[in-house]
Amino acid sequence: MNKSVFYLLLALLCRNADIVSAQYADLRNMKNAVSIIPDEGYCDQPYVVKTLSREWLCVITTGPGGESQKGQHVCAIISSDQGKSWSKPIDIEKATDQMSSWATPYVTPYGRIYVFYNYNGDAVFNTPDGKPISNSALLGWYCYKYSDDNGRTWSERYRLPLRKTTVDYMNNWKGEAQLFWGISKPVEIGKSMYFALTKMGRYHADVGEGWFFKSDNIATEKNPEKLNWQLLPDGEQGLSTAGLGLVQEEHNIVGLNSGGLYCVYRTNEGFPAQSYSKDGGKTWTKPEFMTYEPGGQVVKNPRACPRLFKCANGKYLLWYHNHNQVVRWQHRNPAWVSGGVEKDGVIHWSQPEILLYETDSSARMSYPDLIEENGKFWITETQKEVAAVHAIDPLLLEGLWKQATFKTIARSGLIAEKHDLTTTSEITVPKLPDLNAGGFAIDLWLHFNELKPGEILLDNLDSRGKGMSVTITDRRTLAVTLHDGKQTSSWDTDPGVIQTGKPQHVVFIVDGGPNIITTVVNGKLCDGGRYRPFGWTWFSGGLADINTSSPLKISPAGQNQIKNIRVYNRYLTTSEAIGSFRAGIE
């Protein structure tokens, strides 16, 4: 069955269900989409704004072929029921005109909807030496249209004054044609509107720089001929720096509560970049690799869109992929989310949670948008052939924003607990869920005087080796191993994070939704550090029942080194694991 048809059938089956509640469906599972957004085959950047008529207007790049093939154009699609159903696509640009792509929408306070997009107005299809190019969507004019009837009809086309700078004169066409695109939705700062774009100095996506359009009168001026446009930063060089590589692209921004701007963008170094502006985009701090806290742990992300959002509560969200495997366009599943809280004009980011997943690890989800309405959250995403809307559990997001102060031990799903193991050789653990449907977590407080490779701390293995165990590896890490009698999966903490001579808090989280094992050590989710690109791993979807008739045996080494143990019959969130760490040893 065609993938899009499969997802459509799933969406139709759950359309009348209340999937905002996680009681019946894992909202993180891509198959539990609220709806599939209509398209013509290829689909990209499904960005949504709420109109004054209380509808959702989605703008999307679509076409009958693949990305950047003939017929690609931008459309509008309307929903009057919070994304459960959609109108037929409405052409903003026709498929028979020059290629149009990657629209970003903006709604003025008086209700006009603007859409900004690429348009190959000069019909450039070859390099200067006559060779055909494969991606003409990146070339041409930056254009816009507007709608005064909530997206039903659209104005004539207008062209933005995209001034030429050094990077344009470096490109294959020496500035006669410009290379650029944008993934940044416009934001309002005071009375002005801003949005980011990326210019490139080499076809087709290399030597990137960030630039920012500003209009100080678009919110009130109804004559499009009288709109004021300014391209920032001042000068000839856009936002970039030599130390972060040639690939610096997909710049996107949010406005800060303190009045400044914050920009994040992707690189090909395995880490996104960040920069701040305190003067309305005229100047920016030197871009640096993004960190969770100033000067702290570096955020990992491949060459994929790290998308910023600001919520109604004045806090922030970051969509990204939480690894630095540098493989072109791949490994965009699952999508992770981090929550940001602003302190003294700087955003402090939480440890992440899995936001969306597809059980097929080769799936690629990207270019999301966030919709917030009456305390509810939805996110759109695309896999280039299927774009969908997903409900997001607001409690998941609240957990991210409260991580810094959360000091609570989870009690839901707690099926075994022991605080003094010095004289305990075994613990009775009720049956764990099958891993093809459920999950579990082991929460440990330990104290090591020495890490001895090969020591088994606890296990319930039977004579066939079925069950689970926690051991010290030859890399001086802690590993959990799962075996259902046929298949085995194992994963360990990041090298170097387990310390001796002081209490250590370790949580193994086995999540049977995405089939992923994560570890949280001393309040931080392992991300691989400098030693490996991933701090988490997939386990086989065939791994199922790891229960045995044996109790959970605590070895003599475990009796001496494990201080507390809790076992849960569900996966814990990262935030819950951190809350347990902050609560301390009971």
Side-chain angles (χ1 to χ4, degrees), residues 403 405-433 439-462 466-473 476-483 490-494 497-510 517-526 546-586:
Q403 271 184 22
T405 57
F406 193 55
K407 298 180 180 180
T408 302
I409 295 169
R411 293 296 171 184
S412 171
L414 181 61
I415 57 174
E417 183 175 22
K418 186 70 176 177
H419 298 287
D420 181 6
L421 279 74
T422 55
T423 59
T424 300
S425 60
E426 61 182 46
I427 300 172
T428 300
V429 176
K431 185 178 180 180
L432 296 172
F440 72 95
I442 304 175
D443 181 321
L444 301 168
W445 275 102
L446 310 101
H447 191 288
F448 297 102
N449 292 320
E450 181 182 0
L451 291 169
K452 296 182 179 180
E455 278 191 345
I456 299 174
L457 301 181
L458 56 90
D459 77 275
N460 67 344
L461 303 177
D462 63 16
K466 182 182 179 183
M468 66 176 175
S469 64
V470 174
T471 60
I472 301 175
T473 74
R476 275 68 176 176
T477 63
L478 292 189
V480 63
T481 299
L482 316 173
H483 186 50
S490 182
W491 193 244
D492 61 340
T493 58
D494 284 347
V497 300
I498 302 297
Q499 303 173 50
T500 57
K502 61 177 67 175
Q504 301 291 288
H505 184 249
V506 180
V507 183
F508 293 102
I509 302 171
V510 181
I517 303 173
T518 59
T519 59
V520 181
V521 178
N522 298 328
K524 289 188 176 181
L525 181 78
C526 289
I546 62 167
N547 290 284
T548 69
S549 59
S550 301
L552 192 61
K553 300 182 289 292
I554 312 300
S555 70
Q559 289 175 319
N560 291 331
Q561 293 169 127
I562 301 175
K563 305 306 177 183
N564 280 2
I565 181 171
R566 297 184 181 92
V567 182
Y568 295 82
N569 64 0
R570 64 177 180 88
Y571 75 89
L572 292 180
T573 65
T574 304
S575 298
E576 287 176 314
I578 292 172
S580 178
F581 167 69
R582 294 192 184 281
I585 303 178
E586 290 187 346

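Residue numbers run from 1 in the order of the sequence given.
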Q: Can you measure from CG (D494) to OG1 (T477) and round to the nearest 0.5 angstrom?
A: 9.0 Å

Q) Residues in side-chain contact (heavy atoms from CB on, under 4.5 Å) with H447, at least two apart? A) N449, P503, K563

Q) Measuring from I578:CD1 to R582:CZ, what's the distance to the nearest 0.5 Å? A) 6.5 Å

(Q) For K553, give me all partners under salt bridge (Lys or Arg N to Asp or Glu O under 4.0 Å), at least two apart in sequence or on another chain. (A) D459

Q) Do you know which two heavy atoms are closest between G467 and L461, and how far apart they sit? A) C-CD2, 3.6 Å

Q) Side-chain donor-acceptor pair under 3.5 Å between Q559 and T422, yes or no? A) no

**Q.** With sequence neighbours excluded, residues passing side-chain contact (heavy atoms from CB on, under 4.5 Å) with T548
**A.** N460, D462, K466, S550

Q: Drop me the distance from L478's CG to I498's CD1, to the nearest 0.5 angstrom.
A: 4.5 Å

Q.
Side chains of I415 and Y568, heavy atoms from C-beta outward: is any pair under 4.5 Å?
A. no

Q | With F406 via side-chain contact (heavy atoms from CB on, under 4.5 Å) - residues at least two apart | A | T408

(Q) Under the rule for salt bridge (Lys or Arg N to Asp or Glu O under 4.0 Å), what residues qualify as partners of D492, not counting sequence neighbours? (A) R475, R532

Q.
List the residues meeting side chain to side chain donor-acceptor pair (under 3.5 Å) with H505, not counting sequence neighbours, and say none if there are none.
A. D443, S580

Q) Of all residues at least two apart in sequence or in a different chain, which pass the side-chain contact (heavy atoms from CB on, under 4.5 Å) check with F440? A) L432, L435, I442, M468, L482, V510, I546

Q: Any chance you could lay out the side-chain contact (heavy atoms from CB on, under 4.5 Å) test for L444 and L458, step after step, and finish with the verdict?
A: CA-CA 11 Å; L444 301 168; L458 56 90; 4.1 Å; yes

Q | Interatomic spacing from CD1 in I509 to OG1 in T573 - rounded to 0.5 Å | A | 7.0 Å

**Q.** Partner residues of T481 under the side chain to side chain donor-acceptor pair (under 3.5 Å) criterion, sequence neighbours left out
**A.** S490

(Q) Applying salt bridge (Lys or Arg N to Asp or Glu O under 4.0 Å), can you list everything that pairs with R570, at least two apart in sequence or on another chain? (A) E576

Q. Say you draw a straight line from OG of S555 to CD of Q561; how long is it, rounded to the nearest 0.5 Å?
A. 7.5 Å

Q. What residues form a side chain to side chain donor-acceptor pair (under 3.5 Å) with K502, not counting sequence neighbours?
A. Q499

Q) Residues two or more places apart in sequence or in another chain: which of them pass salt bridge (Lys or Arg N to Asp or Glu O under 4.0 Å) with E417? A) R411, R566

Q. For N560, what residues pass the side chain to side chain donor-acceptor pair (under 3.5 Å) criterion, not counting sequence neighbours?
A. none

Q: Pick out which of T500, V497, L451 makes a side chain to side chain contact (heavy atoms under 4.5 Å, CB included) with R476.
A: L451

Q) Taking the side chain as C-beta and beyond, is there a heavy-atom pair between L552 and E426 under 4.5 Å? A) no

Q) Run the side-chain contact (heavy atoms from CB on, under 4.5 Å) check on C526 and T519 step by step: do they pass? A) CA-CA 6 Å; C526 289; T519 59; 3.2 Å; yes

**Q.** Side chain to side chain, L446 and L457, heavy atoms closer than 4.5 Å
**A.** yes

Q) If you round to the nearest 0.5 Å, how far is CG of D420 from CD1 of I565? A) 13.0 Å

Q. With distance as the sole test, does T428 use its side chain to make a donor-acceptor pair with the main-chain N or O of P551 at under 3.5 Å?
A. no

Q | Nearest heavy-atom neighbours spanning Q403 and T574 | A | NE2-CG2, 4.4 Å

Q) Does any non-hydrogen side-chain atom of F508 lie less than 4.5 Å from one of V470? A) yes

